[in-house]
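Working notes for the structure below.
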Amino acid sequence: MTNKDIADIFYQLADMLEIKGDIRYKIIAYRKAADGIAHETQDLAELRRQGELRTIPGVGEKIEAKIGELLDTGKLRLYEELKQEIPDGVLSLLSVPDVGPKTAWLIYQKLGIHSIPDLEQAARAGKLRTLPGLGVKSEEKILHGIEVLHRRSPRIPLGVALPVAQELVAGLAACPQARQVIAVGSLRRRKATVGDLDIMAASSQPQAVVDCFVGLPLVGEVVSHGDTKATVILKDGVQADLMVLAAEHYGSLMQHFTGSKEHNVHLRELSLSKGLSFSEYGYTRRDGSAILCPAEEDVYRTIGLPWIPPELREDSGEFEAAKAGRLPRLVDLGDIKGDLHCHSNWSDGAASIEEMAQAARGRGYVYIAITDHSKSLGIAHGLDEERLHARQKEIDALNARLAPFRVLSGVEVDIKADATLDLPDEALAQLDIVVASIHSGFRQDRQRMTQRLIAAMRNPHVDIIGHPTGILLGEREAYDVDFEALLAVAQDTGTVLEVNAMPNRLDLDDVHVRRAVERGVKLAISTDAHRPDVLATIVLGLGMARRGWAEAKDVVNTMTMEKLRAQLK
DNA sequence: GCCGTTTTCGGCCCGACTGTTTTCAGTCG
């Protein structure tokens, strides 16, 4: 039973208790514990052996016992009992927009409905309007909610969301009354995927800006439209929310709308303990007087904290670090001195080595590693020893011309299913840098997967493990691998783990990065670029690294050429 | 059900939008 399984059970427990109308704060407590468990990187069974379960935020005496029950028996009595009363299908109704716990329970109790198709049928038959508190409008809303549910785009990768958000921001910025339009929400926090786009602006006439927003050409449908906020669904199915307030509230609104929810709740609790109530309008003292926050820094400063970077705002220790003056100095785009995983037209890249190098130089980098595929990747026109040798001559000539800029001669060597590498050690020894990656045999069991990666790390020539977990966002799960074991070997051998910035990879993700940083394992933020313009996607990998609390010292491609050479095996 | 430079008991984030319940509950972010 994984941490995620256990967290899911507590989330469901919270839903079920909410449906039954249990005490609100008990429900909040279960959700908070579930959040804590979901964010825990250590195995719960292991934590329990060490008697450390209560260190998880939100886990107290009762929930500790329930985790124990789950780990011992695989079941939870309270959960089983509630499932008798509330069929699974009732919980599924909650996924329909505008159907919450009260409505779901009412519909189940009065009409016996516990599936979305049945709900749709009842709505079409006009049965919902007969229920107390529901009318024709509610019925239409629910019917529409079901439609939206079917049509709505799932979470979108950050790399896809960013340009859409930019377009939306530009569109809104053209509204005459809109000032300081920016994208906030999970996009600003640089989550690997975002559920919707959150946009905000300042204006002395918020309503005019909201009116302008709902009329933008990108907008497909208006879900709600008030004086200060609106929700729309764009023509491509993505939901976008807008909030607008006067400039004097700009900082508090930005803080509020950037989230996360958990971070905001923590910040507001902290404020209350200092006699202040906080909302997007700013602080209110107990006597009702206001403290305005035109800048986001004002929000944190008012409660005695330094500004917290958006990427850290997940309530996973950032307040404690801020209070202690121990916030990390996160790695920044300006720290990056090169890209250590790129392809050229010697394998499956679209550009020459020189074109890639010039693009890197144009970004202010001082080096780029050309890491073409190795021979077993036939479709990628992978290199054998002979072609590696030929390529080396081209790189040498280029380096003579481009100095002090440096092209590192490298390879992305395939880790084959039998745990051997696709090129002999003698060939690898000739290269400046070796990235080793898995491109086949993803379905091997945990032990074999882990052994393959460990074997690669123990090779004296392998510098970096490429896209270490193999995840493809929305397409393929990460391979089953013992990440803690990998970290131990990475540390032991000085092997670097990659943060691959491809929009559909983002691998390592934030959680893995944080664990690696805690263990002192070094990272490389790399684009895996097959074209010069793709070098710009480094910002996506940077987002993961920053969300994982990585500083420049944790990232090898912030090093000068000399230091990097010393770092590489 | 959790938790404590206010507290081991009494708190627990805050506001907008919508529909229907003529004063507010439900849902959402």
Side-chain angles (χ1 to χ4, degrees), chain A residues 10 13-14 17-19 21-36 53-67 78 93-107 128-129 131-142 144-145 148 184-186 194-200 206-207 210 214 222-231 239-245 249 252-253 255-284 286 303-304 315 323-324:
Chain A
F10 285 108
L13 268 180
L17 291 175
E18 194 170 23
I19 281 174
D22 208 319
I23 301 164
R24 195 161 75 93
Y25 296 109
K26 193 196 284 191
I27 294 155
I28 292 171
Y30 275 119
R31 293 225 168 93
K32 192 162 187 185
D35 285 339
L53 279 177
R54 299 274 286 271
T55 62
I56 300 172
V59 175
E61 192 185 338
K62 303 274 187 61
I63 292 182
E64 180 187 32
K66 288 186 171 67
I67 294 171
L78 173 66
L93 301 183
L94 298 179
S95 64
V96 178
D98 296 313
V99 176
K102 293 287 182 289
T103 311
W105 190 232
L106 177 76
I107 289 170
L128 300 185
R129 68 183 71 175
L131 300 177
L134 296 186
V136 179
K137 285 260 178 94
S138 304
E139 194 172 73
E140 283 171 2
K141 233 170 126 175
I142 289 172
H144 183 249
V148 168
V184 283
S186 53
V194 303
D196 61 9
L197 301 177
D198 296 313
I199 310 289
M200 64 168 278
Q207 195 166 3
V210 177
V214 300
V222 180
V223 177
S224 78
H225 178 181
D227 297 339
T228 62
K229 54 165 89 170
T231 295
Q239 179 173 313
D241 297 329
L242 172 75
M243 290 186 76
V244 189
L245 291 177
H249 304 299
S252 45
L253 178 59
Q255 196 291 322
H256 163 75
F257 211 10
T258 296
S260 66
K261 179 170 184 263
E262 292 75 18
H263 177 89
N264 287 1
V265 169
H266 192 140
L267 181 131
R268 290 167 184 211
E269 283 171 354
L270 211 54
S271 306
L272 282 177
S273 74
K274 296 174 187 296
L276 297 169
S277 166
F278 183 75
S279 76
E280 59 266 40
Y281 291 92
Y283 289 98
T284 311
R286 288 207 182 98
I303 51 172
D315 193 23
K323 210 178 294 178

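First the proteins, then the strands, lettered A, B, ... as listed; each starts at 1.
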field: Distance, rounded to the nearest Å, where A/Ile142 contributes CD1 and B/dG26 contributes P
entry: 14 Å
- prompt: Any idea which of B/dG1, B/dC12, B/dT27 is nearest the A/Pro101 side chain?
  reply: B/dT27
- prompt: Mind checking the P distance from B/dC28 to B/dT22? Whole angstroms is fine.
  reply: 23 Å
- prompt: Quantified in whole Å, what is the P atom distance between nucleotide B/dC17 and nucleotide B/dT8?
  reply: 40 Å
- request: Would you tell me if any nitrogen or oxygen in the side chain of A/Lys66 comes within less than 4.0 Å of OP1 or OP2 on B/dG1?
  value: yes
message: So A/Glu140 and A/Arg129, do their side chains get closer than 4.5 Å, heavy atoms only?
response: no
Parallel, tilted or perpendicular, as decided by the 30° and 60° cut-offs, for the rings of A/Tyr30 and A/Phe10: parallel
message: Closest approach to the side chain of A/Glu269, judged atom by atom: which nucleotide of B/dC12, B/dT18, B/dT20 is it?
response: B/dC12
statement: In Watson-Crick or G-U wobble terms, with both distances under 3.5 Å, the base opposite B/dC24 is B/dG19
- prompt: In whole angstroms, how far is the P atom of B/dC28 from the CG atom of A/Leu94?
  reply: 8 Å
field: Rounded distance in Å between the C1' positions of B/dT7 and B/dC2
entry: 13 Å
field: Non-hydrogen side-chain atoms of A/Asp98 and A/Val96 separated by less than 4.5 Å
entry: no
- request: Considering only atom P, compute the distance from B/dC14 to B/dT20 and round it to an integer number of Å.
  value: 30 Å
field: A/Ala29, nearest nucleotide to its side chain (from B/dG29, B/dT6, B/dG1)
entry: B/dG1
field: 5' precedence on DNA chain B between A/Lys274 and A/Val59 (nearest-nucleotide basis)
entry: A/Val59
- prompt: Nearest to the side chain of A/Thr103, which nucleotide is it out of B/dT27, B/dG15, B/dC13?
  reply: B/dT27
message: Is the phosphate of B/dA16 approached by A/Tyr281 (side-chain N or O, under 4.0 Å from OP1 or OP2)?
response: yes
field: Nucleotide nearest A/Asp227 when distance is taken to its side chain, options B/dC17, B/dT6, B/dG1
entry: B/dC17
- prompt: Within this structure, what is the NZ-to-C1' distance between A/Lys323 and B/dT5, rounded to whole angstrom?
  reply: 9 Å
message: Can you measure A/Lys261 atom NZ to B/dC13 atom P for me and round it to whole angstrom units?
response: 9 Å
- prompt: For B/dC14, does either OP1 or OP2 sit under 4.0 Å from a side-chain N or O belonging to A/Ser277?
  reply: yes
Under 4.0 angstrom between A/Lys102 side-chain N/O and B/dG26 OP1 or OP2: no
- prompt: Looking at A/Ser279, does any N or O in its side chain come under 4.0 Å of the phosphate oxygens OP1/OP2 on B/dC13?
  reply: no
query: Going by heavy atoms in the side chains, are A/Ile19 and A/Leu94 under 4.5 Å from each other?
result: yes
query: Is any NZ, NE, NH1 or NH2 atom of the basic residue among A/Glu18 and A/Arg31 found under 4.0 Å from an Asp or Glu carboxylate oxygen of the other?
result: yes
message: Considering every strand and a 4.0 Å limit on heavy-atom distances, what is the contact class for A/His225: base, sugar-phosphate, or nothing?
response: sugar-phosphate
message: Any side-chain N or O of A/Gln239 below 4.0 angstrom from OP1/OP2 of B/dC28?
response: no
field: Heavy-atom side-chain contact between A/Glu139 and A/Leu134 under 4.5 Å
entry: no
message: Nearest to the A/Thr228 side chain among B/dA16, B/dT20, B/dG29, which nucleotide is it?
response: B/dA16
query: So what does A/Val244 hit on the nucleic acid, given a heavy-atom distance under 4.0 Å: a base, only sugar-phosphate, or nothing?
result: nothing
- request: Taking only the side-chain nitrogens and oxygens of A/Tyr25, find out if one of them lies under 4.0 Å from OP1 or OP2 of B/dG1.
  value: no
task: Please answer whether the main-chain N or O of A/His256 pairs with a side-chain N or O of A/Asn264 as donor and acceptor at a distance below 3.5 Å.
output: yes
task: Indicate, with a heavy-atom threshold strictly under 4.0 Å, whether A/Asp98 touches base, sugar-phosphate, or nothing.
output: sugar-phosphate
field: Distance, rounded to the nearest Å, where A/Arg54 contributes CZ and B/dC3 contributes P
entry: 7 Å
field: Close side-chain approach of A/Leu128 to A/Ile142, heavy-atom, < 4.5 Å
entry: yes
- request: Name the closest nucleotide to the A/Lys62 side chain, picking from B/dC17, B/dC14, B/dG1.
  value: B/dG1
message: Without decimals, in angstroms, what is the distance between A/Arg31 CZ and B/dC12 C1'?
response: 15 Å
task: Look at all strands and tell whether A/Gly133 reaches a base, only sugar-phosphate, or nothing, counting heavy atoms closer than 4.0 Å.
output: base
field: d(CG, A/Leu267; C1', B/dC12) in whole Å
entry: 15 Å
message: From C-beta outward on A/Ser138, which listed nucleotide comes closest to its side chain: B/dG15, B/dT20, B/dG29?
response: B/dT20
- request: For B/dT6 and B/dC12, measure between their C1' atoms and round to the nearest Å.
  value: 14 Å
Euclidean distance, atom CG of residue A/Leu53 to atom P of B/dC2 [Å, nearest integer]: 12 Å
statement: Of A/Phe278 and A/Pro132, the one whose closest nucleotide on DNA chain B sits nearer the 5' end is A/Phe278
